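Take a look at the structure set out below.
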Amino acid sequence: MTSATAYTATAADAPLEKVTIERRELGPNDVLIDVKFAGICHSDIHTARNEWGGTSYPVVPGHEIAGIVAEVGSDVTKHKVGDRVGVGCFVDSCGKCDACLAGEEQYCFEGVIATYNSKLPDGSITQGGYSTQIVVTEGFVLRIPDGIELDVAAPLLCAGITLYSPLKHWGAGPGKKVAIIGMGGLGHVGVKIAHAMGAEVTVLSQTLSKEEDGRRLGADHYYATSDKATFKKLRGQFDLIINTVSAKIDMDRHMSLLAINGSLVILGLPSEPIEVRGFTLAANRRSLAGSMVGGIPETQEMLDFCAEHKIGAEIETIPADKINEAYERVLKSDVRYRFVIDAKTF
């Protein structure tokens, strides 16, 4: 067993606190990683505060992990000591179902093993990346290319692949008009990736307060959804709309912006049901869809793509003792655009 320092939530209404946890003994196919940086995702907050239900306490959040290989098991062939690596939203799957065999482990029919708050076969609960070290099966460890610094790479393991996967699946590229709803932790990465893919990119945000940032990161156009004229002007314009916000929005109004055969893809997860009229879907043969991160092969592809195009997240690096403060700032949208914990401050 390996002892690691970590920050854990012990109850839904309790602040995260510094503790010592035990990582499992290194198996023949395992990789021990010295965590260098861990991004803060809104999912961490939802889980720590049991807002989605099902949280097993104590829980160590964190599924945007970047670090260095410290030790490898006897049968490991993909990674070696000293390699720059990352771990994303899941750390295992059944490996046998159609989804897993297709490299789409995120849709594992048996249920993917999440990086934290997920039950392992031995009954223990996975603990995430707000920690000095983590042990992960080699097949779920990603290579971080030299072209990306570890701190800005960490959020790509969730935010990056969450945007890359639908943009690729729905064909974002030259000649395509793509709109990103929300200019936050997810949306800003989506702007960068869609721009690098060659699409014409529009940001749809509540206000114009982040327009300068949006255009700097690659947006060709920027509109405020609080302005009713936006929906009249952009009606029927977009081949693809990616919704990154978790707040409830007027789905009918946003879907009216789709061109014939256009798709609106849900990434943000509001607590309320998503409502849309059947006529809205039928008109222009529109589609409403959803997407979850990406499998291991696609996540590696995303990291390589981001290295090639010099894409990293826009981050604010914090010491570990500021995690609770960062949670409150995330809830107030007071971050541009992703908090990253410096693990050496544990």
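Start at 1 with the first residue, then count along the sequence. Worth saying up front: this structure is predicted, and the values here are computed from it rather than measured. Keep in mind that the numbers below use all heavy atoms, side chains included, and drop hydrogens, waters and symmetry copies.
- Inspection of the Glu22 and Ser3 side chains reveals an N or O donor paired with an N or O acceptor under 3.5 Å.
- Criterion: ILVMFWY side-chain heavy atoms under 4.5 Å apart, direct or through other members. Under it, Leu303 and Val136 are part of a common hydrophobic cluster.
- At a threshold of 4.0 Å, the pair Glu314-Arg216 counts as salt-bridged, since one of the basic side-chain nitrogens sits closer than that to a carboxylate oxygen.
- Of the options Ile68, Val141, Val72, a side-chain contact (heavy atoms from CB on, under 4.5 Å) to Ile33 is made by Val141 and by none of the others.
- Across Gly214 and Val191, no two heavy atoms sit closer than the pair O-CG1, 3.9 Å.
- Aromatic rings of His254 and Phe231 (six-membered ring for Trp) have centroids within the 6.0 Å cut-off, being under it.
- In this structure, Pro297 and Glu105 have side chains that are in contact, with non-hydrogen atoms separated by less than 4.5 Å.
- Using a 3.5 Å distance cut-off with no hydrogens or angles, the side chains of Thr2 and Gln133 do not pair a donor with an acceptor.
- A pairwise comparison of heavy atoms in Gly294 and Glu298 identifies CA-OE1, 3.6 Å as the closest pair.
- Between Arg215 and Glu211 there is a salt bridge, since a side-chain N of the basic residue sits under 4.0 Å from a carboxylate O of the acidic one.
- Under a cut-off of 6.0 angstrom, the local environment of CZ in Arg235 is sparse, with at most 12 non-hydrogen atoms contributed by other residues, nucleotides or ligands.
- Using modelled atom types and a 3.5 Å distance limit, the side chains of His221 and Glu200 yield a donor-acceptor pair.
- The existence of a salt bridge linking Arg24 and Asp30 is confirmed by a sub-4.0 Å separation between a basic side-chain nitrogen and an acidic carboxylate oxygen.
- A side-chain donor from one of Tyr337 and Asp213 sits under 3.5 Å from a side-chain acceptor of the other.
- Between the side chains of Asp304 and Gln300, at least one donor N or O lies within less than 3.5 Å of an accepting N or O.
- In this structure, Val201 is a member of the same hydrophobic cluster as Leu208, with clusters built from ILVMFWY side-chain heavy atoms closer than 4.5 Å.
- Electrostatic pairing of Arg277 and Asp252 counts as a salt bridge here, judged by a charged N lying under 4.0 Å from a carboxylate O.
- Using a 4.5 Å heavy-atom cutoff, the side chains of Ile65 and Leu157 are not in contact.
- Only one option out of Thr202, Ile241, Leu264 pairs with Leu257 in a side-chain contact (heavy atoms from CB on, under 4.5 Å); it is Ile241.
- With hydrophobic clusters built from ILVMFWY side chains whose heavy atoms lie under 4.5 angstrom apart, Ile315 shares a cluster with Ile311.
- Shortest non-hydrogen contact noted between Cys158 and Arg338 is SG-NH2, 4.4 Å.
- Taking the six-membered ring where the residue is Trp, His309 and Phe305 present tilted rings, their angle falling between 30° and 60°.
- The hydrophobic cluster around Ile21 extends to Tyr7, Leu16, Val19, Ile40, Ile45, Val60, Tyr130, Ile318, Ile323, Tyr327, Val330, Leu331, Val335, Phe339, Ile341, Phe346, counting ILVMFWY residues whose side-chain heavy atoms fall within less than 4.5 Å of a member.
- Of the residues listed (Thr244, Val189, Leu267), the one engaging Thr162 in a side-chain contact (heavy atoms from CB on, under 4.5 Å) is Leu267, and it is the only one.
- Minimum heavy-atom separation, Gly190 to Leu163: CA-CG, 3.5 Å.
- For the 3.5 Å distance criterion, the side chains of Asp342 and Thr317 fail to qualify, holding no donor opposite an acceptor.
- Cluster annotation: Ile148 and Ile296 are assigned to the same hydrophobic cluster (Ile/Leu/Val/Met/Phe/Trp/Tyr, side-chain heavy-atom contacts under 4.5 Å, transitive).
- Between Glu275 and Met251, the shortest heavy-atom contact is O-CB, 3.2 Å.
- Dense packing is recorded around NE2 of His79, with more than 12 heavy atoms of other residues, nucleotides or ligands lying under 6.0 Å away.
- The environment of CD in Glu149 is sparse: at most 12 heavy-atom neighbours from other residues, nucleotides or ligands sit within 6.0 Å.
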